[in-house]
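Below is one structure, written out as structure tokens, with a few remarks after it.
Heads up: numbering here begins at 1 and tracks the sequence.
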Amino acid sequence: GDSTTTTAVFMQGYIRNLRRRKFNKAVERGILKGVEEVYKHMDSLSKKASKKDLKQICKVACNNDESLANTIMKAIDYADTEGIVEYTISPDQEITSFEKQDGYILKGHGYASPFFANREDKKISFEAENVAVLVSSTWDYNQTIISKIQNFYEGIPRSTPLLIILERPNSEMMEKLISIKKVNYNICLIYANEYDEYSSESLLNEVSSFVGAKPYDPRSEDKDIIFGLADKVVVNLEDTVLIVNDVPSDFKKTLELLEKADKRDEKRIKRMKTKTAMIVVGGKTSSEKREVGDRVDDALSSIKTTIAEGHLCGGGGALAHISGLMKTNLNHKEEQRGYNLVKTVLKEPLLRILKNANRGSAKWYEPWK
């Protein structure tokens, strides 16, 4: 699952079994050694999920809503592993469906700072529709960019979303944009820096072509800036996804040339051919839509994690099993105390389930030894 409940139960277990007078740095080192061993056991026990496994995991995360799980799996099948699947709440749709869209993904290029996030309910990210896009190959702090942003917002609401893409990280520029963001401007900054100058410039040109923008280059005689437009933008800590409903012909021609080239640039092709599936959450009431949206979010988180890292049995079973595998004897008595604490806490989720099902004994907690 999304692990929120498990995390809370873990914390309860640590607090319940922790004696303040017995806690010190050596105990902390023992805890860290125990946690590191848990990770190794998880890696060795995890199994790669089949399509059937993914569907079952999706169904469980959706509270056994098979129809919703089928819709989510169709979206995931369409987007494939290189694509992106997101969801949005429909203002007037009663049935949940998914839409195929053309996207452009910048892997490894997330927001410059979490201060630019505008959504913090389930995941910290910047998400917006009908987003203006400003692209610039600025290397140093440039007042022209700030002036263009201020001019952009003249006569329009501050809530109008604007994505700013700069070629290289610049702390002074970022600090200035954060100060603008803090007065309720709906802006987000990302950097398009690649491993060399040619690749960075290529990336900027691709993004500009995709959203119909004209990049600003302070080194050029032409100082004009043309803002692009994306129908939807999703930016998180690691990636940025741009979605447009009508891909410009110039962008399509560039992609065709790359695919026909003798020496294909697979990285650029994958970046330019991103498949995006948007799950449109419907419902009869706003509260129903929010509830369905939460289930979709949990299911997507579970599936993405499973694809990346594999899966283990649930219900606290895997954690309790790993607890039984932990038999390391540490030379230091206090470190051993911390290590044993991890072993005890790993059993907490399963014991809590047994307790809730009236299957646990009155003395169901083990003392911390």
Side-chain angles (χ1 to χ4, degrees), residues 1-10 38-89 95-100 105 107 121-125 234 236-239 241 274-283 288-325 346-354 356-357:
D2 59 2
S3 300
T4 48
T5 307
T6 302
T7 302
V9 173
F10 275 159
V38 171
Y39 289 157
K40 290 178 181 177
H41 285 304
M42 281 184 169
D43 286 339
S44 63
L45 292 171
S46 65
K47 299 176 182 177
K48 187 176 180 180
S50 64
K51 205 166 185 178
K52 185 179 178 181
D53 293 329
L54 285 176
K55 186 172 182 180
Q56 183 61 29
I57 290 166
C58 182
K59 185 179 174 182
V60 171
C62 290
N63 290 354
N64 290 313
D65 186 333
E66 189 155 2
S67 176
L68 182 60
N70 287 337
T71 300
I72 294 171
M73 288 308 300
K74 285 178 183 176
I76 289 169
D77 287 343
Y78 168 75
D80 204 5
T81 55
E82 292 294 331
I84 193 82
V85 180
E86 291 292 337
Y87 75 94
T88 186
I89 306 293
I95 306 297
T96 299
S97 60
F98 92 92
E99 298 174 354
K100 300 176 182 179
I105 186 167
K107 279 196 171 291
D121 49 354
K122 279 281 184 178
K123 52 188 177 181
I124 298 177
S125 64
V234 179
N236 56 38
L237 179 63
E238 298 175 345
D239 305 317
V241 178
T274 301
K275 289 183 178 180
T276 304
M278 183 62 65
I279 298 172
V280 183
V281 176
E288 181 185 349
K289 290 175 183 177
R290 283 196 301 271
E291 191 272 333
V292 175
D294 284 343
R295 283 192 277 151
V296 170
D297 191 84
D298 286 348
L300 289 176
S301 297
S302 298
I303 292 168
K304 288 174 183 177
T305 303
T306 303
I307 291 172
E309 301 179 14
H311 69 108
L312 293 166
C313 63
L319 298 171
H321 176 65
I322 290 171
S323 177
L325 296 176
L346 284 176
K347 300 174 186 176
E348 293 277 338
L350 180 59
L351 293 173
R352 171 57 65 183
I353 291 169
L354 293 174
N356 291 346

Applying side-chain contact (heavy atoms from CB on, under 4.5 Å), name anything that partners L45, two or more places apart in sequence or on another chain.
L312, H321, I322, L325

What's the separation between atom OG1 in T96 and atom CG in N70, rounded to the nearest 0.5 Å?
12.5 Å

Under a 4.5 Å cut-off applied to non-hydrogen side-chain atoms, are V9 and T6 in contact?
no

Roughly how far, to the nearest 0.5 Å, is the CE atom of M278 from the OH atom of Y87?
11.0 Å

Drop me the distance from K55's NZ to D77's CG, to the nearest 0.5 angstrom.
9.5 Å

Drop me the distance from I303's CD1 to M73's CE, to the nearest 0.5 angstrom.
5.5 Å

With sequence neighbours left out, the residues meeting side-chain contact (heavy atoms from CB on, under 4.5 Å) with T305 are E309

Using atom types as modelled, flag every donor-acceptor pair under 3.5 Å from a side chain in residues 57-65 to any protein atom, sequence neighbours excluded.
| residue | atom | partner | partner atom | Å |
| --- | --- | --- | --- | --- |
| D65 | OD1 | S67 | N | 3.3 |
| D65 | OD1 | L68 | N | 3.1 |
| D65 | OD2 | R295 | NH1 | 3.2 |

Is there a side-chain contact between M42 and L319 in this structure, where contact means two heavy atoms from C-beta onward sitting under 4.5 Å apart?
yes

Please name the pair of heavy atoms, one in K289 and one in G283, separated by the smallest distance, quoted to 0.1 Å.
CE-O, 3.1 Å

List the residues meeting salt bridge (Lys or Arg N to Asp or Glu O under 4.0 Å) with K52, not counting sequence neighbours, and say none if there are none.
none

Check side chain to side chain donor-acceptor pair (under 3.5 Å) between T88 and all other residues, then give those that pass, not counting sequence neighbours.
none

Can you name the residues that form a side-chain contact (heavy atoms from CB on, under 4.5 Å) with A49, not counting sequence neighbours?
D53, L54, T306, H311

Using modelled atom types only, decide if a donor and an acceptor are shared between the side chain of K304 and the backbone of V85 within a distance under 3.5 Å.
yes

What closest approach, in Å, do I76 and L300 show between heavy atoms, and which atom pair accounts for it?
CD1-CD2, 4.3 Å

Testing the basics here: between I89 and G293, what is the closest heavy-atom pair and its distance to 0.1 Å?
CD1-CA, 4.2 Å

